[in-house]
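Everything below concerns the one structure shown next.
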Amino acid sequence: DTIDELAEIIKDKFSLLAKIADMGLGPQSSTEQIEHQRVAKMVIEMDRLMGVAETNLYEVRLMKLKHHDGYGKTELLLGAPIHSKAADIIRDLPVVMENYNLFM
C-alpha cells in the first residue's frame with residue numbers, strides 16, 4: 001500500500017466512526033446504540049483534543065457533562081489560547097481521561 005492509499009483507508013474508517021458517533025450503527029437496542037455512540041464520540045473527541053494539544057497553541061481539556069445519563073454525547077471539549085486568562089482557568093480543571101474508562 002502506498003501512503004495515499006493508507007490515508008484514504010484511514011479517512012474512510014474515521015468517517016464511519018464519526019457517523020456512528022452521530023447516528024449509531026443501525027438496528028440495535030437503544031442501550032447498545034447509546035454505548036456505541038458514546039465510545040465512538042469519545043474516540044473522535046480524543047482525536048480532536050490531541051490534534052489541538054499537539055500545536056502547543058491552546059490549553060485543552062475534555063470534560064464529562066454531569067446529569068446527562070442515557071444520552072450518548074456527554075463529553076465537552078474546552079480550549080483557549082495558551083497564554084490567555086481562560087487557558088489558566090482550563091489548566092486548573094480536572095483531566096477526564098486520567099480516571100475515565102473508554103469502554104466502561
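To the nearest 0.5 angstrom, Arg38 atom CZ is 14.0 Å from Ile20 atom CD1. To the nearest 0.5 Å, the span separating CG on Leu78 from CG on Leu93 amounts to 6.5 Å. With rounding to the nearest 0.5 angstrom, the OG1 atom of Thr55 is 13.5 Å from the CE atom of Met50. Between atom CD of residue Gln37 and atom CG of residue Asp22 there is a gap of 8.0 Å, rounded to the nearest 0.5 Å. Atom CD of Glu54 is separated from atom CG of Leu49 by 10.0 Å, given to the nearest 0.5 angstrom. Once rounded to the nearest 0.5 Å, the distance linking CD1 of Ile89 with NZ of Lys85 reads 6.5 Å.
Shown here are the salt bridge (Lys or Arg N to Asp or Glu O under 4.0 Å) partners of Arg48, two or more places apart in sequence or in another chain: Glu45. The side chain to side chain contact (heavy atoms under 4.5 Å, CB included) search around Ala87 returns Glu59, Ala80, Ser84, Arg91, not counting sequence neighbours. For Thr31, the side chain to side chain donor-acceptor pair (under 3.5 Å) test picks out no residue, with sequence neighbours left out.
Contact record, Val60 with Gly79: CG1-CA, 4.1 Å, taken as the closest heavy-atom pair.
Side-chain atoms of Glu35 never come within 3.5 Å of backbone atoms of Glu32 as a donor-acceptor pair (strictly under, hydrogens ignored). Remark: the backbone N or O of Thr2 is paired with a side-chain donor or acceptor of Glu5 at under 3.5 angstrom.
Linking ILVMFWY side-chain heavy atoms closer than 4.5 Å, directly or via other members, places Ile82 and Ile90 in two distinct hydrophobic clusters.
By the 4.5 Å heavy-atom criterion applied to side chains, Leu17 and Val43 are counted as neighbours.
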